[in-house]
Amino acid sequence: MGGTRCIFRDCHVSSQRNPKMHFFKLPVRDPVLLEAWLKNCGNADILNVAREKLINRAVCARHFRYECFMNYKLDRLIPRQMPTLVRVSKELAWDMEHLDENGEATMVKLSVPKLLHLIPPDNFECPLGFTEDALFGRKYAVKRGAAPKPLLLIASKRKKEQDAKDNMAASMIDNNLTSVKTELSTKPIDLTASFVQEADATIIDAIMPTPPAEENYEDLQHKYDELKTNFDRLATENGELKQSVIKLEAHKRHLNNSSSSKPQLYNSIKKYLCPTMAALVRMEMFGSAERAWKQDERDFAKELLQLGEDVYAHCCDEWRFRLPSLRMTRTWLEATTGPDDDNDVEDQML
């Protein structure tokens, strides 16, 4: 059968039964996030699937909170989200988000999404298909004792390893017993006490293999001391980095608070400048086409133009002076009278 099927525990959703449902593939490129997904899925069979085949396995949208999605269509997830819900009904679900703290799932009531990008239009049909398929609530009742049990991935791996060791030990015992039986069958029967004791010792050695030697305690203590030293060093470096960040943020706040605005800066330095230089500095700091030129700025531009248009153009093009346009300055120069502007910078500073 083709199509996609949800790998979550006791979930019957598939692309054939629920064609409008959206499925999200396992994060196989992120081992930590993948392990969290598999733990919440609680499907022990999926642990036996090879890693290269997990890329084709997926989880349906029912197991994610509304806040995990980017839109009301529920077809795109925010990065690094995890499936945590086992639906009991449209409004209720077992939440496995805090399994490590609580040791069991928690019954939660799912609220209607309130974020604007998650509110669907009136004629939009929810792709989760609660009205079409009610099998998701049959496995787990609302009672507290029916909460889904967490899947311990590490314990499962250890159990597999222990089963493999037990099978190997059983195989060794069978081989030893077979060799003992073969040896006894080839020898003549001797019922003396020495033979019986020897046979008993042989059988006991075959049934009770020599236990593996325990790891040296001194080596373990040395590894522990080395790890503890590295941990203390990293903790010290982390504390120093945090202090550096705090100092940098405090310095940044100090710079932001102590920085002056342009008018304040101009008023602080203008008293050290002559009137002509003050007008030039003011034009450089505040001059623009949208701003009305002050009278002393006009006078400076006219005096500069009287030196020659080539001098005026050189100051604008080469020296990058922020002067009025040549046409405007020429108009001021040709006019017999001009507007009487106020020269008080403190009262009319922009």
Side-chain angles (χ1 to χ4, degrees), residues 1-88 90 92-108 110 113 117-118 126-130 132-133 135-140 147-161 163-164:
M1 295 179 62
T4 303
R5 181 180 178 86
C6 181
I7 66 168
F8 222 88
R9 62 181 75 190
D10 304 311
C11 184
H12 303 278
V13 173
S14 64
S15 57
Q16 292 184 344
R17 295 182 54 186
N18 309 86
K20 297 181 180 180
M21 184 71 65
H22 297 287
F23 294 83
F24 302 94
K25 292 185 177 181
L26 299 179
V28 294
R29 296 183 179 180
D30 190 335
V32 177
L33 190 61
L34 175 63
E35 184 171 344
W37 278 49
L38 295 179
K39 181 178 179 181
N40 290 344
C41 286
N43 188 351
D45 295 335
I46 203 67
L47 300 179
N48 300 323
V49 179
R51 179 62 60 89
E52 59 271 13
K53 294 184 179 180
L54 288 177
I55 193 172
N56 298 321
R57 304 304 175 94
V59 176
C60 71
R62 284 184 179 174
H63 306 290
F64 296 90
R65 290 179 175 271
Y66 290 111
E67 294 79 8
C68 298
F69 296 96
M70 290 185 176
N71 53 38
Y72 65 86
K73 296 181 181 179
L74 308 182
D75 59 352
R76 295 185 63 188
L77 287 174
I78 299 174
R80 299 191 62 80
Q81 299 301 312
M82 287 194 301
T84 61
L85 301 180
V86 177
R87 299 274 186 169
V88 175
K90 183 178 180 180
L92 295 177
W94 289 103
D95 189 3
M96 293 177 288
E97 183 176 5
H98 302 289
L99 279 178
D100 295 335
E101 294 85 353
N102 302 332
E104 62 179 2
T106 305
M107 176 65 71
V108 294
L110 304 176
H117 67 283
L118 296 178
C126 179
L128 300 182
F130 292 117
E132 300 175 0
D133 183 8
L135 292 177
F136 57 89
R138 186 171 298 178
K139 176 69 177 178
Y140 302 106
K149 296 181 180 180
L151 177 64
L152 301 178
L153 301 183
I154 298 178
S156 299
K157 294 179 181 178
R158 290 179 177 175
K159 185 176 183 303
K160 290 182 179 180
E161 295 175 357
D163 292 342

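All values below come from the heavy atoms of this structure, side chains included, with hydrogens, waters and symmetry mates left out.
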What is the minimum heavy-atom distance between [X] and [Y], and which atoms define it?
X     : Y      : answer
Arg65 : Glu97  : NE-OE1, 4.0 Å
Tyr72 : Leu118 : CB-O, 3.5 Å
Gln81 : Cys68  : OE1-SG, 3.2 Å
Cys60 : Cys11  : SG-SG, 3.8 Å
Trp37 : Pro27  : CD2-CD, 3.5 Å
Glu67 : Ile78  : O-CD1, 3.4 Å

Taking the side chain as C-beta and beyond, is there a heavy-atom pair between [X] and [Y] under 4.5 Å?
X      : Y     : value
Tyr66  : Leu74 : yes
Arg62  : Leu85 : no
Val59  : Phe64 : yes
Met107 : Val88 : yes

query = Any chance the side chains of Asp95 and Thr84 put a donor and an acceptor closer than 3.5 Å?
reply =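 Present: a donor and an acceptor within the cut-off.
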task = Could you please spell out the steps behind the side-chain contact (heavy atoms from CB on, under 4.5 Å) verdict for Arg57 and Asn43?
result = CA-CA 12 Å; Arg57 304 304 175 94; Asn43 188 351; over 6 Å; no
request  = Given side-chain contact (heavy atoms from CB on, under 4.5 Å), test Met21 with Leu128 step by step and report yes or no.
outcome  = CA-CA 6 Å; Met21 184 71 65; Leu128 300 182; 4.0 Å; yes
request  = Carefully, step by step, assess Leu54 and Ile46 under the rule side-chain contact (heavy atoms from CB on, under 4.5 Å).
outcome  = CA-CA 8 Å; Leu54 288 177; Ile46 203 67; 3.9 Å; yes
Identified ring-ring contact (aromatic ring centres under 6.0 Å, His included) partner of His63 from the options Phe24, Phe8, Trp94 = Phe8
query = Quick one: does Asn40's side chain have a donor or acceptor within less than 3.5 Å of a partner on Pro83's backbone?
reply =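 Yes.
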ask   = About how many Å separate CG of Leu26 and CD1 of Ile55, when rounded to the nearest 0.5 Å?
value =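 Going from the CD1 atom of Ile55 to the CG atom of Leu26 covers 9.5 Å.
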